[in-house]
Amino acid sequence: MRFREWLASSWHSAGFPINWPDLSHGKLQSWLTTLDSLPDTRSSHTHFGDTIEVGHADELSTSEGRVLDQAIDSLIPWRKGPLNLFGRVIDSEWRSDFKWARLCPHVQWQEKAVLDVGCGNGYFGFRALAAGARTVLGVDGYLLYALQAALINWFVQSSNVVVPLRFDRDVVKTEFDIVLSMGVIYHQRDVDSHLQALFERCQPGGHVVLESIVADVDIHPKTRYAGMRNVYHIPSVNTLKTKLRGAGFVDPTLINVSKTTVDEQHTTSHMPFQSLSDSLDPSDNSRTIEGHSAPKRAILIAHRAN
């Protein structure tokens, strides 16, 4: 079975009858041509640790390795990681293992069904599986990221499935034990609607993990924030707690606040575009280039009552 047929089948099996003619992207056919050439190899080594590791370099022939290299390069930019596919280190923009280390000890993952909203390439979903989660559904509106996740899954066939859909209450219809919304809320024009949709997808007794850039006082950027155009609201921690309660969640608890550093977010060979260092005032790195407070990120956990 070719990659494209396998991936459509995996989406259908997860309850999302997505067909290739339904998707539009200028690079879609080029991506699929490359991905269809991948070797039909199942990895003898998988480790979903700080680095998502799949396979050893000697498992692929020289020609198979070249195809994998081409596939990795065709799917640039890689935002979340780090990853290592058959000895090929993918140096992502984010050291997502930093954020996972701040979150993981505060959540009981064992045998849980997890929804990862705005999941990117599924990094946190793979970590959740390693921590004991039963299944993970990742939802992300960027087809590129869904294909990155699928490239990993082609070799491991995990139960972390990423579908290329924008999340709302009508797209995902089932309930989950744990709902992750990490780095998503400040991109929402309607924060309350997003939180309400998260609440409806969280089963009674379940938990939501909300991670966001925060400020001491709410910021409503007029144009950009830290170089990003689609940022509509940088909330305070108190605002997030209030809005979580307004959506129906109880006991919102702050578990971490961390300043974002260039060690955690940076330009790399696999994400060769502007990153954090380009978004900070060169004369005062406590401010963004627009004059706002520099990014710091908070993680809150709340639950839905039984």
Which atom names give the shortest non-hydrogen contact between Ser293 and Thr288, and what distance separates them? O-CG2, 3.5 Å
For the ring pair Tyr186 and Tyr225, is the centre-to-centre distance below 6.0 Å? no
Can you tell me if Arg79 uses its side chain to pair, donor with acceptor, with the backbone of Gly120 under 3.5 Å? no
Beyond-backbone contact of Ser193 with Arg169, side-chain heavy atoms, under 4.5 angstrom: yes
Cluster question for you: counting only ILVMFWY and a side-chain heavy-atom cut-off of under 4.5 Å, with indirect links fine, are Trp109 and Leu129 together? yes
Can you name the nearest heavy-atom pair linking Leu280 to Pro295, along with the distance? CD2-CD, 4.0 Å
If we ignore hydrogens and angles and just use 3.5 Å, is the side chain of Ser212 paired with the main-chain N or O of Ile185 as donor and acceptor? no
Considering only heavy atoms from C-beta outward, does the side chain of His303 approach that of Asp251 to under 4.5 Å? yes
Counting N and O atoms only, with roles assigned by atom type, does the side chain of Arg297 sit under 3.5 Å from a partner on the main chain of Val257, one being a donor and the other an acceptor? no
Do other residues, nucleotides or ligands put more than 12 heavy atoms under 6.0 Å from the CZ atom of Phe16? yes
From Glu200 atom CD to Leu195 atom CG, the distance as rounded to the nearest 0.5 Å: 11.5 Å
Between Glu93 and Ser275: side-chain donor-acceptor atoms closer than 3.5 Å: yes
For Phe167, run the side chain to side chain contact (heavy atoms under 4.5 Å, CB included) check against Leu198, Asp140, Val184 and tell me which one passes. Leu198
Verify side chain to side chain contact (heavy atoms under 4.5 Å, CB included) between Ile234 and Lys296, making sure each step is shown before the conclusion. CA-CA 10 Å; Ile234 302 296; Lys296 61 181 179 180; over 6 Å; no
Check ion pair Arg102-Glu264 (N to O, under 4.0 angstrom): yes
Determine whether Asp97 and Pro82 make a side-chain contact, defined as any pair of heavy atoms from C-beta on separated by less than 4.5 Å. yes
Taking atom types as modelled, is there a side-chain donor on Glu53 or Thr51 under 3.5 Å from an acceptor on the other? no
Heavy-atom closest pair (Tyr145 atom, Pro77 atom, distance to 0.1 Å) is CE2-O, 4.1 Å
Is Val162 linked to Leu85 within one hydrophobic cluster, defined over Ile, Leu, Val, Met, Phe, Trp and Tyr using a side-chain heavy-atom separation of less than 4.5 Å? no
Are the side chain of Asn153 and the backbone of Ser158 linked by a donor-acceptor contact shorter than 3.5 Å? yes
Just verifying a value: how many Å separate Ile90 CD1 and Lys80 NZ, rounded to the nearest 0.5 Å? 15.0 Å
Report yes or no: does Thr267 contribute a side-chain atom to a donor-acceptor pair with the main-chain N or O of Phe273 at less than 3.5 Å? yes
To the nearest 0.5 Å, what is the distance between CZ on Arg127 and CG on Leu103? 10.5 Å
Answer with yes or no whether the side chains of Asn256 and Ser258 bring together a donor and an acceptor at under 3.5 Å. yes
At their closest point, which heavy atom of Ile289 faces which heavy atom of Asp278, and how far apart are they? CG2-O, 3.7 Å
What's the spacing between Leu143 CG and Leu165 CG if we round to 0.5 Å? 10.0 Å
Would you say that more than 12 heavy atoms from the other residues, nucleotides or ligands in this model lie under 6.0 Å from the NZ of Lys222, or not? no
Which value, rounded to the nearest 0.5 Å, describes the distance between His207 atom NE2 and Cys202 atom SG? 8.0 Å
Given 3.5 Å as the limit, does a donor-acceptor pair link the side chain of His47 with the main chain of Val54, or not? no
Residue pair Phe249 / Ala302: nearest heavy atoms and the distance that separates them: CB-CB, 3.8 Å
Does the distance from a Lys or Arg side-chain N to an Asp or Glu carboxylate O, for Asp263 and Arg95, drop under 4.0 Å? no
Applying the 4.5 Å side-chain criterion to the ILVMFWY set and letting contacts propagate, would Leu83 and Val89 be lumped into a single cluster? no
Side chains of Thr268 and Trp78: does their closest heavy-atom pair fall under 4.5 Å? no
Hey, does Leu68 have a side-chain heavy atom less than 4.5 Å from the side chain of Leu151? yes
Passing candidate, ring pair (Phe, Tyr, Trp, His ring centres under 6.0 Å) with His233, options His194, His220, His187: His220
Does either side chain, that of Glu59 or that of Thr41, offer a donor lying less than 3.5 Å from an acceptor on the other one? no
Leu210 side chain near Lys241 side chain, heavy-atom distance below 4.5 Å: no
For the backbone of Thr239 and the side chain of Asp218, can you confirm whether one donor and one acceptor N or O come within less than 3.5 Å of each other? no
Same apolar cluster: Trp94 and Val231, side chain cutoff 4.5 Å: no
Taking it one step at a time, do Ser279 and Leu276 satisfy side chain to side chain contact (heavy atoms under 4.5 Å, CB included)? CA-CA 5 Å; Ser279 71; Leu276 178 62; 3.7 Å; yes
Applying the 4.5 Å side-chain criterion to the ILVMFWY set and letting contacts propagate, would Leu254 and Val191 be lumped into a single cluster? yes
Please examine the side chains of Lys99 and Phe124, heavy atoms only from C-beta on, and report whether any two atoms are closer than 4.5 Å. yes
Cationic tip of Arg42 above Trp154 ring, under 6.0 Å, 45° of axis: yes
Counting N and O atoms only, with roles assigned by atom type, does the side chain of Ser13 sit under 3.5 Å from a partner on the main chain of Ser10, one being a donor and the other an acceptor? no
For the pair Phe126 and Phe48, name the ring-plane relationship: parallel under 30°, tilted 30 to 60°, perpendicular over 60°. tilted
Is a side-chain N or O of Asp168 found less than 3.5 angstrom from the main chain of Asp170, in a donor-acceptor match? yes
About how many Å separate CG of Asp69 and OG of Ser74, when rounded to the nearest 0.5 Å? 11.0 Å
Answer yes or no: does atom CD of Gln108 have more than 12 heavy-atom neighbours from other residues, nucleotides or ligands under 6.0 Å? no
Relative to the ring of Trp11, is the ring of Trp20 parallel (under 30°), tilted (30 to 60°) or perpendicular (over 60°)? tilted
Counting distance only, does the side-chain N/O of Asp177 pair as donor-acceptor with the main-chain N or O of Ala113 below 3.5 Å? yes
Parallel, tilted or perpendicular: which one describes the rings of His25 and Trp31, with boundaries at 30° and 60°? tilted
If you define the side chain from C-beta out and look only at heavy atoms, does anything of Asn19 sit under 4.5 Å from His12? yes
Can you name the nearest heavy-atom pair linking Phe3 to Leu38, along with the distance? CD1-CD1, 4.0 Å
